[in-house]
Amino acid sequence: MARVYIEELSKHVGEEVAIRGWVYNKRSSGKIRFIVVRDGTGLLQCVMVKGMIPDDVFNHFDSLTQESSLTVIGKIKKDDRAPGGYEMELSNLQVISIAKEYPITPKEHGVDFLMDHRHLWLRSSRQHAILRIRHQIITAIREFFDNHGFILMDAPIFTPAACEGTSTLFETDYFDLGKAYLTQSGQLYGEAGAIALGKIYVFGPTFRAEKSKTRRHLTEFWMVEPEVAFNDLNDNMELAEEFLEHVVASVLKYRSQELKTLERNTKFLENVKKPLPKISYTEAVDILKKKGISFEWGNDFGGTDETVISEQFDRPVIVHRYPAQVKAFYMKRDPQNEALALAMDVLAPEGYGEIIGGSQREDDYDTLVKRIHEHGLPQSAFEWYLDLRRYGSVPHAGFGLGVERTVGWICGLDHVRETIPFPRMIYRLTP
RNA sequence: UCCACAGUAGCUCAAUGGUAGAGCAUCCGGCUGUUAACCGGAGGGUUGCAGGUUCGAGCCCUGCCUGUGGAGCCA
């Protein structure tokens with residue numbers, strides 16, 4: 001007899017099959033009993049009627065607890081009364097393991113309790129939907145870059161010093177070489193890769209030791225960072241919008257069922273088509289002022305500022321040419337206005353904030369040395385990086401996309417902690 | 001680091017300063033189409049911790065702990 005998965009049951013109507021999984025829920029009305037089984041790919045309602053099957057099989061029902069593992073065998077039929085649309089007329093049932101009293105009941109729970117049981121919470125339908133969409137987003141990211149001639153180039157996670165010199169980093173002892181730090185960005189290494197290979201992307205985890213305590217922050221998160229030799233700021237923005245369009249379209253195409261499970265309104269997602277609106281930082285400041293928000297030119301946007309700006313558009317908006325003073329040392333200045341950096345951020349709609357940050361990089365050796373000193377950074381730590389300007393320097397640009405914020409936005413979640421299987425936050429290191 | 005809010009049964013929550021309760025979960029019983037099934041019954045409590053006010057504190061006051069949201073910083 002065929003052992004099949006629930007998601008492929010439509011191909012097995014009328015056949016007797018075996019499904020291996022776990023008890024999601026059970027209900028009884030005396031002589032007729034229902035077991036809802038999950039197998040990781042979906043839910044299947046199994047029906048058994050007293051007298052139609054051997055009593056010992058029928059009586060197994062009583063011992064089943066939520067999340068007990070079992071094999072169910074029976075004929076598949078279409079039935080609109082069943083969740084998922086298909087139902088199994090159970091003919092046999094083999095218990096693999098009876099679960100102890102399961103902490104997560106079909107009723108509501110608080111976030112803290114669920115986070116303490118994250119390893120079990122992952123079994124619920126909603127978490128399935130989020131993780132499948134996360135998978136789709138990561139698949140689409142790799143697909144996009146792979147199909148556009150980019151080479152995946154992994155950057156190290158242990159680094160000798162701060163990449164940008166601003167964030168607080170996680171520190172660890174590193175044998176006789178002193179301190180090592182967990183990377184906060186693979187970008188500088190990505191630049192070396194772009195000069196070596198033309199166009200590359202770094203895709204890996206990054207770490208920030210800042211005590212950020214908001215719905216948009218994790219201490220460990222994933223970032224994808226493309227870097228392209230000979231690209232300028234405009235090329236960079238075009239790459240970003242084409243990339244975002246592909247990722248969102250892929251989720252809409254392959255994960256509509258999961259978006260439905262999450263009750264996601266896809267209106268804004270369907271709008272993610274290039275070209276995206278592009279405004280300068282100065283224009284963004286004007287928007288804030290028109291909305292009556294007091295904001296001084298030269299500051300960086302806060303969370304609420306980003307929300308107000310993004311609310312003016314029906315799709316992600318690209319903001320470019322920020323004041324250089326709020327941006328990193330390696331960003332190239334605008335030749336038209338030295339006070340501006342050739343930087344760009346993509347703000348997601350509906351208040352999800354910055355999902356992409358990038359820039360054209362400073363490619364002039366002398367200017368870059370000057371910036372390193374202006375930011376109070378030790379030049380010795382950046383000698384290898386300066387080599388990229390000593391030996392065949394070219395204009396180049398890239399950006400970083402935060403995977404968890406992107407998942408949160410596409411899924412319509414109110415907190416990034418549900419976008420990654422095991423979130424790491426300042427007050428949570430377990431499970 | 002700062003600001004605000006919260007902590008009562010395994011879980012989610014009630015309880016004017018006056019006998020700590022409900023739903024779910026668990027256990028027992030009933031029900032031939034259930035949909036977070038339903039109906040009847042049972043067990044389950046050091047009200048986060050330490051003090052204080054009061055005849056009397058889950059409730060008021062002080063301190064601490066833990067968590068949540070936000071600010072700063074950022075993706």
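Residue numbers begin at 1 in each chain, while the letters A, B, ... track the order of the sequences. The analysis underlying the following values was restricted to heavy atoms, covering all of them including side chains, and did not include hydrogens, waters or symmetry mates.
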Worksheet item: Separation of A:Glu210 atom CD from B:rC2 atom P, in whole Å?
Response: 17 Å
Discussion item. Quick check on B:rG67: is either OP1 or OP2 less than 4.0 Å from any side-chain nitrogen or oxygen of A:Arg417?
Written reply: no
Worksheet item: Quick one: CG on A:Leu377 to CD1 on A:Ile372, what's the gap to the nearest 0.5 Å?
Response: 7.0 Å
Item to complete: May I have the distance from A:Asp116 (atom CG) to B:rU66 (atom P), rounded to whole angstrom?
Response: 14 Å
Practice prompt. Respond yes when some side-chain nitrogen or oxygen of A:His415 is under 4.0 Å from OP1 or OP2 of B:rU68, and no when none is.
Written response: no
Worksheet item: Looking only at atom P, what distance separates B:rG43 and B:rA36, rounded to whole Å?
Response: 30 Å
Practice prompt. Provide the closest heavy-atom pair for A:Ala397 versus A:Gln360 in the form atom of the first, atom of the second, distance.
Written response: CB-CA, 3.7 Å
Worksheet item: Given the C1' atoms of B:rA4 and B:rC74, what is the spacing between them in whole Å?
Response: 23 Å
Worksheet item: Would you say the ring centroid of A:Phe243 lies under 6.0 angstrom from that of A:Phe145?
Response: yes
Discussion item. In whole Å, measure the gap between the C1' atoms of B:rG18 and B:rC59 for me.
Written reply: 12 Å
Worksheet entry | Partner set under salt bridge (charged side-chain N to carboxylate O under 4.0 Å, His left out) for A:Lys179, not counting sequence neighbours | A:Glu171, A:Asp173
Worksheet item: Expressed in angstrom and rounded to an integer, what is the separation of A:Leu90 atom CG from B:rG33 atom C1'?
Response: 15 Å
Worksheet item: What is the distance from CD1 of A:Ile104 to P of B:rC11, rounded to the nearest Å?
Response: 12 Å
Practice prompt. When you get a sec, tell me which of B:rC74, B:rU68, B:rU1 is the closest nucleotide to the side chain of A:His217?
Written response: B:rC74
Worksheet entry | Distance, C1' atom - from B:rG63 to B:rG45, rounded to whole angstrom | 26 Å
Worksheet item: Between A:Lys75 and A:Glu89, is the closest basic N to carboxylate O distance under 4.0 Å?
Response: no
Item to complete: Tell me what A:Glu87 touches on the nucleic acid: a base, only sugar-phosphate, or nothing, going by heavy atoms under 4.0 Å.
Response: base
Discussion item. Side chain of A:Ser212, heavy atoms from C-beta onward: which of B:rG72, B:rA75, B:rG67 has the nearest atom to it?
Written reply: B:rG72
Response to the item:
On RNA chain B, more 5' by nearest nucleotide between A:Ile426 and A:Arg33 is A:Ile426
Worksheet item: Between A:Glu354 and A:Arg405, is the closest basic N to carboxylate O distance under 4.0 Å?
Response: no
Practice prompt. Answer with yes or no whether A:Arg27 presents, from its side chain, a donor or acceptor under 3.5 Å of a partner atom in the base of B:rC31.
Written response: no
Worksheet item: Roughly how far apart, to the nearest Å, are B:rU46 and B:rG7 at atom C1'?
Response: 15 Å
Worksheet entry | Dot-bracket encoding of pairs in RNA chain B, which uses [ ] for pseudoknotted crossings and | for another strand, Watson-Crick or G-U under 3.5 angstrom | (((((((..((((....[..)))).(((((.......))))).....(((((..]....))))))))))))....
Response to the item:
Closest heavy-atom pair, A:Arg27 versus A:Phe61, reported as atoms and distance to 0.1 Å, is O-CZ, 3.3 Å
Worksheet item: Within the structure shown, what part of the strands sits under 4.0 Å from A:Gln45 by heavy-atom distance: base, sugar-phosphate, or nothing?
Response: base
Shorter than 3.5 Å, N or O on both sides, protein versus nucleotides 25-29 of chain B: list them out with atom names.
unit_1 : atom_1 : unit_2   : atom_2 : d
B:rA25 : O2'    : A:Glu101 : OE2    : 3.4

Discussion item. Any side-chain to backbone donor/acceptor pair from A:Glu225 onto A:Gly186? Under 3.5 Å, distance only.
Written reply: yes
Fill in: Basic-acidic side-chain contact under 4.0 Å: A:Glu311, A:Lys291
no
Worksheet item: Atom CD1 of A:Ile356 to atom P of B:rC74: distance rounded to whole Å?
Response: 18 Å
Practice prompt. From the options B:rU68, B:rC11, B:rA71, select the nucleotide whose nearest atom is closest to the side chain of A:Thr214.
Written response: B:rA71
Worksheet item: Which nucleotide in the list B:rC11, B:rG72, B:rG33 gets nearest to the side chain of A:Phe113?
Response: B:rC11
Fill in: Quiz item: A:Lys213 side-chain donor-acceptor pair to B:rG69 base, under 3.5 Å
yes
Worksheet item: Can A:Asp112 and A:Arg428 be counted as an ion pair, charged N to O under 4.0 angstrom?
Response: yes
Practice prompt. Measure from the side-chain heavy atoms of A:Asp300 and tell me the nearest of B:rU32, B:rA75, B:rC74.
Written response: B:rC74
Worksheet item: Between B:rC31, B:rA75, B:rG33, which nucleotide gets closest to the side-chain atoms of A:Phe221?
Response: B:rA75
Practice prompt. Grab the CE-C1' distance between A:Met48 and B:rC31 for me, whole Å please.
Written response: 15 Å
Worksheet item: Can you tell me how far P of B:rU34 sits from CZ of A:Phe61, to the nearest Å?
Response: 14 Å
Practice prompt. Counting heavy atoms from C-beta on, name the nucleotide in B:rG33, B:rA71, B:rC73 closest to the side chain of A:Ser29.
Written response: B:rG33
Discussion item. Roughly how many Å apart are B:rU68 and B:rA57, using the P atom of each and rounding to a whole number?
Written reply: 32 Å
Discussion item. One thing to verify: whether A:Arg81 and A:Glu87 come together as a salt bridge, which I'm taking to mean a side-chain N less than 4.0 angstrom from a carboxylate O.
Written reply: no
Discussion item. From C-beta outward on A:Asp112, which listed nucleotide comes closest to its side chain: B:rA71, B:rU68, B:rG33?
Written reply: B:rU68
Worksheet item: Taking the same atom, P, in B:rU16 and in B:rC61, what whole-Å distance lies between them?
Response: 16 Å
Item to complete: Just compare B:rA75, B:rC11, B:rU68 and give me whichever is closest to any side-chain atom of A:His109.
Response: B:rC11
Item to complete: Indicate yes or no: does A:Glu7 engage A:Arg38 in a salt bridge with an N to O separation below 4.0 Å.
Response: no
Worksheet item: Can you check the A:Leu244 CG to B:rA75 P distance for me, whole Å?
Response: 15 Å
Item to complete: Assign A:Lys211 to base, sugar-phosphate, or nothing according to its heavy-atom contacts below 4.0 angstrom with the strands shown.
Response: base
Response to the item:
Comparing A:Met425 with A:Leu218, nearest RNA chain B nucleotide closer to 5' gives the residue A:Met425
Worksheet item: Using a cut-off of 4.0 Å on non-hydrogen atoms, how would the nucleic acid contact of A:Ser28 be classed: base, sugar-phosphate, or nothing?
Response: base
Discussion item. So A:Pro103, base contact, sugar-phosphate only, or nothing? Heavy-atom distance under 4.0 Å.
Written reply: nothing
Worksheet item: When rounded to the nearest Å, what value does the distance between P atoms of B:rU47 and B:rA20 take?
Response: 11 Å
Discussion item. I'd like to know if A:Glu227 and A:Arg361 make a salt bridge, using a cut-off of under 4.0 Å between side-chain N and carboxylate O.
Written reply: yes
